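Everything numeric here is computed off the predicted structure, so don't read it as measured data. Sequential numbering from 1 along the given sequence is applied to the chain's residues.
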Amino acid sequence: QVQLVESGGGSVQAGGSLRLSCAASGSTNSLCMAWFRQAPGKDREGLAQIDTDGNTNYAAPMEGRFTISRDNGMNTIYLQINDLKPEDTAMYYCAAEEDYGGTLDLVEYEYHTWGQGTRVTVSS
């Protein structure tokens, strides 16, 4: 079972950018990867996912400011966030699931391997 470790979070002023990283303990070649976030008192929401062919899917509100990418050679997945806003403040989680060639929904129950999260705080 692959293990995931997120990094790259921190405290940023509104308008700034961050690149979050998710490092896997093993090969990510066969995995569909995704990013989620959860703000205090809110449900966990899907942000973006990327399959083994590099196809991406974004939650509609995230398109434009969020970019997911992967580097299978480094077993690492990234989330670039631009023009950060205070409402982006949340714990950000990386998730993985075996890619069988179909389409996974960007919902929590589709993913069974999770990292511990990295915290993002955006001040105005």
Side-chain angles (χ1 to χ4, degrees):
Q1 182 76 11
V2 69
Q3 293 178 296
L4 307 175
V5 179
E6 301 95 334
S7 62
S11 183
V12 185
Q13 293 205 338
S17 298
L18 282 174
R19 188 178 73 162
L20 309 183
S21 298
C22 173
S25 62
S27 175
T28 57
N29 291 346
S30 66
L31 302 176
C32 183
M33 308 294 299
W35 285 95
F36 291 73
R37 72 182 180 188
Q38 188 167 22
K42 301 292 184 65
D43 293 331
R44 189 168 298 187
E45 62 176 336
L47 306 173
Q49 62 186 21
I50 184 167
D51 69 13
T52 55
D53 294 320
N55 300 305
T56 59
N57 180 50
Y58 297 90
M62 315 305 163
E63 289 190 87
R65 296 193 299 119
F66 290 71
T67 303
I68 189 170
S69 60
R70 66 191 301 159
D71 184 344
N72 287 336
M74 295 296 294
N75 297 323
T76 302
I77 293 79
Y78 303 96
L79 183 68
Q80 177 73 34
I81 314 174
N82 296 325
D83 191 24
L84 281 156
K85 305 178 185 301
E87 52 263 41
D88 294 323
T89 296
M91 197 77 166
Y92 284 71
Y93 298 92
C94 179
E97 188 58 62
E98 287 290 329
D99 189 342
Y100 296 100
T103 301
L104 291 175
D105 294 322
L106 190 56
V107 293
E108 187 174 355
Y109 68 78
E110 290 273 50
Y111 292 85
H112 298 96
T113 300
W114 294 84
Q116 296 300 304
T118 184
R119 190 176 303 278
V120 172
T121 302
V122 184
S123 59
S124 60

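Atom CD of Glu98 has more than 12 heavy atoms from other residues, nucleotides or ligands within 6.0 Å. Atom CG of Asp43 is surrounded by 12 or fewer heavy atoms from other residues, nucleotides or ligands within 6.0 Å. Gln13 CD: 12 or fewer foreign heavy atoms inside a 6.0 Å radius.
Not one N or O on the side chain of Gln38 forms a donor-acceptor pair closer than 3.5 Å with the backbone of Glu45. Listed for the Thr76 side chain is a donor-acceptor partner under 3.5 Å among the backbone atoms of Met74. Panel note: side chain Glu110, backbone Asp105; a donor-acceptor pair is recorded below 3.5 Å. Between the side chain of Asp71 and the backbone N or O of Gly73 there is at least one donor-acceptor pair closer than 3.5 Å. Remark: side-chain polar atoms of Arg119 are not paired, donor with acceptor, to backbone N or O of Ser11 under 3.5 angstrom. Between the side chain of Thr89 and the backbone N or O of Thr121 there is no donor-acceptor pair closer than 3.5 Å. A donor-acceptor pair under 3.5 Å is absent between the side-chain atoms of Glu6 and the main chain of Leu20, judged by distance alone. With Tyr111 contributing its side chain and Leu104 its backbone, the two residues share no donor-acceptor pair below 3.5 Å. Side-chain atoms of Ser25 come within 3.5 Å of backbone atoms of Gln3 as a donor-acceptor pair (strictly under, hydrogens ignored). Judged by distance alone, with hydrogens and angles left aside, the side-chain atoms of Arg65 form a donor-acceptor pair with the main-chain N or O of Asp83 at under 3.5 Å.
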request  = Apply side chain to side chain contact (heavy atoms under 4.5 Å, CB included) to the pair Asp88 and Arg37, showing each step before the final yes or no.
outcome  = CA-CA 9 Å; Asp88 294 323; Arg37 72 182 180 188; 2.9 Å; yes
**Request:** Under the side chain to side chain contact (heavy atoms under 4.5 Å, CB included) rule, what do Glu97 and Thr113 come out as? Steps first, then yes or no, please.
**Result:** CA-CA 7 Å; Glu97 188 58 62; Thr113 300; 5.8 Å; no
*Apply side chain to side chain contact (heavy atoms under 4.5 Å, CB included) to the pair Cys94 and Met33, showing each step before the final yes or no.*
CA-CA 7 Å; Cys94 179; Met33 308 294 299; 3.7 Å; yes
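With no hydrogens or angles considered, no side-chain donor-acceptor pair links Thr56 and Gln49 at under 3.5 Å. Side chains of Thr28 and Asn72: a donor-acceptor N/O pair is present below 3.5 angstrom, by distance only.
Interatomic distance, CZ of Arg70 versus SG of Cys32, reported as 7.5 Å (0.5 Å rounding). In this structure, OG on Ser17 lies 6.0 Å from CG on Leu84, to the nearest 0.5 angstrom.
The two atoms that bring Gly8 and Thr118 nearest to each other are N-OG1, 4.0 Å, heavy atoms only. Nearest heavy atoms, Gly115 versus Tyr93: O-CD2, 3.7 Å. The minimum heavy-atom distance between Leu4 and Ala24, with the atom names listed, is CD2-CB, 3.8 Å. The heavy-atom pair separating Gly46 from Ala59 by the smallest distance is O-CB, 3.4 Å. Closest approach of Trp35 and Cys22 over heavy atoms only: CZ2-CB, 3.7 Å. Counting all heavy atoms, side chain and backbone alike, Asp51 lies closest to Asp99 at CB-OD2, 3.2 Å.
Figure legend: cation-pi geometry between Arg19 and Tyr78, with NZ or CZ positioned under 6.0 Å from the six-membered ring centre and within 45° of its axis.
No single ILVMFWY cluster, assembled from side-chain heavy atoms under 4.5 Å apart, contains both Ile77 and Leu106. Placement of Leu31 and Leu47 within a single hydrophobic cluster is found when ILVMFWY residues are connected by side-chain heavy-atom separations under 4.5 Å, directly or transitively. With hydrophobic clusters built from ILVMFWY side chains whose heavy atoms lie under 4.5 angstrom apart, Val120 does not share a cluster with Met91. In terms of hydrophobic clustering, with Ile, Leu, Val, Met, Phe, Trp and Tyr side chains grouped at heavy-atom distances under 4.5 Å, Leu18 and Ile68 are assigned to a common cluster.
Ring geometry, Phe66 versus Tyr92: the interplanar angle falls under 30°, so the pair is classed parallel (tilted spans 30 to 60°).
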